[in-house]
Engineer: 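The structure that follows is given in the form of structure tokens.
Numbers restart at 1 for each chain; the letters A, B, ... are given by sequence-line order, proteins then strands.
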2 protein chains.
Amino acid sequence: MRRDSRLSGVLHVLLHMAEQPGPITSEALARAMSTNPVVIRRIMGGLRDRGYVHSEKGHGGGWTIACDLAAVTLRDIYDALGKPELLAMGNRTEAPGCLVEQAVNAALGETFDEAEALLLRRFGEISVAALSADFHTRLAERGGSPALETNHAA
Amino acid sequence: MRRDSRLSGVLHVLLHMAEQPGPITSEALARAMSTNPVVIRRIMGGLRDRGYVHSEKGHGGGWTIACDLAAVTLRDIYDALGKPELLAMGNRTEAPGCLVEQAVNAALGETFDEAEALLLRRFGEISVAALSADFHTRLAERGGSPALETNHAA
DNA sequence: TTCTCATGCAACTCTATATGTTGCGAGGTC
DNA sequence: GACCTCGCAACATATAGAGTTGCATGAGAA
């Protein structure tokens, strides 16, 4: 099953925005991500509704960060995306009459719930600012430039 | 995305087989699972290759359990299914040149790996026999019959 | 006012994958 | 030989993420 990369994508976008003071257009972000501006608007819509980012139309418009990234966790971003499915597996039937299936569901369901809880807990422990800090550490080690173009040239 | 229910399905099949001494045909199992015989053969193929079950052709043929269910864990079954994808999310790009994406991948990847490891560990802790025992506990509480038909009549 | 820029949104296509279905051949029992 | 059951290939269906196109709307520039 193809894996959902929206969370990965939107974080990528946020970190790039954090490196630039002014607004960035969907078009520029799409170029950096090798994708389509509409895809950018799509994944950013939820974040805009929650006030994490702001979008401006017209000349000089685009996307800007509208919050303190240290106060926003990956869990918040995940929620803003609409809480997509975390696990690729699930029970065949949710409320089965068959006792065999109930036994299977109980065991698997408990395991699945545990894994989901772990993911959400970890997401809640990581702020977007922490990711940005990690990026700057990597940048210092490599001595590159934070500009959009140079990082994606290769 | 629709969640993969093969693990749930094959466990359901195994537990039903454990309740019956003789071989069960794909057709009978499919009826019990409200699905198609070919689907049954498909998910059982991997288990047959590993010797967990045996299939017999012709009159009186069908599927039989060919191992000690106490020695087989959900992890073994999962492996026999071909180790399908566990998580519905993943990184946008696996080996990105962009340092921003590297930082995102590092954080998310670690979390994803943790969750996968947890799932596999839990699978390894549960034997099929344990599921069967749980089923019998439920059966005693409800006082029903273990026959295929009665359990699925409703 | 008019032109250009950029978002917002709907509708469509494309692709991958689990699942469902049909048909036929191989092998086994009666 | 007649019948049963698995094995397998081929095709159909459904769903969801992703990509694409077109147009309307609002904002700034000339």
Engineer: Could you give the NE2-to-P distance, from A:His12 to D:dA18, as a whole number of Å?
Structural biologist: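 The answer, rounded to whole Å, is 15 Å.
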
Engineer: Could you go through B:Val100 and A:Leu131, starting from their C-alpha distance and side-chain angles, then the distance that decides it, and tell me whether this counts as side chain to side chain contact (heavy atoms under 4.5 Å, CB included)?
Structural biologist: CA-CA 9 Å; B:Val100 165; A:Leu131 285 191; over 6 Å; no

Engineer: Do the side chain of A:His16 and the main chain of A:His12 share a donor and acceptor less than 3.5 angstrom apart?
Structural biologist: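 It does not hold such a pair.
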
Engineer: Can you list the residues that meet the side-chain hydrogen bond (donor to acceptor under 3.5 Å, both in side chains) rule with B:Asp134, with sequence neighbours excluded?
Structural biologist: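 With sequence neighbours excluded, B:Asp134 shows a side-chain hydrogen bond (donor to acceptor under 3.5 Å, both in side chains) to B:Arg138, given in chain and number order.
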
Engineer: Rounded off to whole Å, could you give me the CZ-to-P distance for the A:Arg48 and C:dT7 pair?
Structural biologist: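 Taking CZ of A:Arg48 and P of C:dT7, I get 10 Å after rounding.
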
Engineer: Check this one for me: any side-chain N or O of A:Ser26 less than 4.0 Å away from OP1 or OP2 of C:dT7?
Structural biologist: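 Looking at the OP1 and OP2 atoms of C:dT7, one of them is under 4.0 Å from a side-chain N or O of A:Ser26.
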
Engineer: Measuring to OP1 and OP2 of D:dC6, would you say a side-chain N or O of B:Thr25 lies under 4.0 angstrom away?
Structural biologist: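 Negative; the distance criterion is not met.
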
Engineer: Would you mind listing the cluster partners of B:Val38? Hydrophobic ones only (ILVMFWY), side-chain contacts under 4.5 Å, chaining allowed.
Structural biologist: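 Direct or chained contacts put B:Val38 with none.
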
Engineer: Side-chain atoms of residues 102-124 of chain A: list all donor-acceptor pairs with protein atoms under 3.5 Å, sequence neighbours left out, distances to 0.1 Å.
Structural biologist:
residue, atom, partner, partner atom, Å
A:Gln102, NE2, A:Pro96, O, 3.1
A:Asn105, ND2, A:Thr93, O, 2.6
A:Thr111, OG1, A:Ala107, O, 3.1
A:Glu114, OE1, B:Arg122, NE, 2.9
A:Glu114, OE1, B:Arg122, NH2, 2.7
A:Glu114, OE2, B:Arg122, NE, 2.7
A:Arg122, NE, B:Glu114, OE1, 2.7
A:Arg122, NE, B:Glu114, OE2, 2.8
A:Arg122, NH1, A:Glu125, OE1, 3.2
A:Arg122, NH2, B:Glu114, OE2, 2.6

Engineer: Tell me, with the steps shown, if A:Leu81 and A:Val10 meet side chain to side chain contact (heavy atoms under 4.5 Å, CB included).
Structural biologist: CA-CA 9 Å; A:Leu81 286 177; A:Val10 78; 4.2 Å; yes

Engineer: Take the protein atom CD1 of A:Ile43 and the nucleotide atom C1' of D:dG19, then report the distance between them rounded to whole Å.
Structural biologist: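 Taking CD1 of A:Ile43 and C1' of D:dG19, I get 13 Å after rounding.
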
Engineer: Test: salt bridge (Lys or Arg N to Asp or Glu O under 4.0 Å). Region: residues 61-79 of chain B. Which pairs qualify, not counting sequence neighbours?
Structural biologist: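 Sorted result for residues 61-79 of chain B: B:Arg75-B:Asp79.
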
Engineer: Let me know the distance between CD1 of B:Ile40 and C1' of D:dG7, rounded to the nearest Å.
Structural biologist: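 Atom CD1 in B:Ile40 sits about 15 Å away from atom C1' in D:dG7.
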
Engineer: Tell me whether the side-chain N/O atoms of A:Ser5 come closer than 4.0 Å to OP1 or OP2 in D:dA18.
Structural biologist: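 Result: yes.
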
Engineer: The criterion is salt bridge (Lys or Arg N to Asp or Glu O under 4.0 Å); which residues satisfy it with A:Asp4, sequence neighbours excluded?
Structural biologist: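 In terms of salt bridge (Lys or Arg N to Asp or Glu O under 4.0 Å), with neighbours along the sequence ignored, A:Asp4 is linked to A:Arg6.
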
Engineer: Could you tabulate the donor-acceptor pairs under 3.5 Å formed by side-chain atoms of residues 39-57 of chain B, not counting sequence neighbours?
Structural biologist:
residue, atom, partner, partner atom, Å
B:Arg41, NE, B:Ser26, OG, 3.3
B:His54, NE2, B:Glu56, OE1, 2.8

Engineer: Specify the residues of residues 76-84 of chain A, ordered by number, for which at least one heavy atom lies under 4.0 angstrom from an atom of DNA chain C.
Structural biologist: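 Under 4.0 Å from DNA chain C: no residue of residues 76-84 of chain A.
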
Engineer: Take atom CG of B:Asn91 and atom P of D:dG17, then tell me their distance rounded to the nearest Å.
Structural biologist: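 One finds 17 Å between P of D:dG17 and CG of B:Asn91, rounded.
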
Engineer: Between A:Leu7 (CG) and D:dA18 (P), how many Å, whole number?
Structural biologist: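 Going from A:Leu7 (CG) to D:dA18 (P), I get 11 Å.
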
Engineer: Taking the side chain as every heavy atom from C-beta outward, state whether A:Glu85 and B:Met89 have any pair of such atoms under 4.5 Å apart.
Structural biologist: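 A side-chain contact under 4.5 Å is absent here.
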
Engineer: Nearest 0.5 angstrom please: B:Met17 CE to B:Ser132 OG, how far?
Structural biologist: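 The OG atom of B:Ser132 is 12.0 Å from CE of B:Met17, to the nearest 0.5 Å.
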
Engineer: In whole Å, what is the span from the CD atom of B:Glu27 to the C1' atom of D:dC4?
Structural biologist: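 After rounding, the gap between these two atoms is 11 Å.
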
Engineer: Between atom CZ in A:Arg3 and atom P in C:dT17, what is the gap in whole Å?
Structural biologist: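 For the pair A:Arg3 CZ and C:dT17 P, the rounded distance is 12 Å.
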
Engineer: Summarise protein proximity over nucleotides 21-30 of chain C in one line of letters, 5' to 3': B for base, S for sugar-phosphate only, - for none, counting protein heavy atoms closer than 4.0 Å.
Structural biologist: BB---BBBBS

Engineer: With each end axis built from five pairs of C1' atoms, what bend angle do you get for the helix from C:dT1-D:dA30 to C:dC30-D:dG1? Round to 10°.
Structural biologist: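 Computed angle between terminal axes is 10°.
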
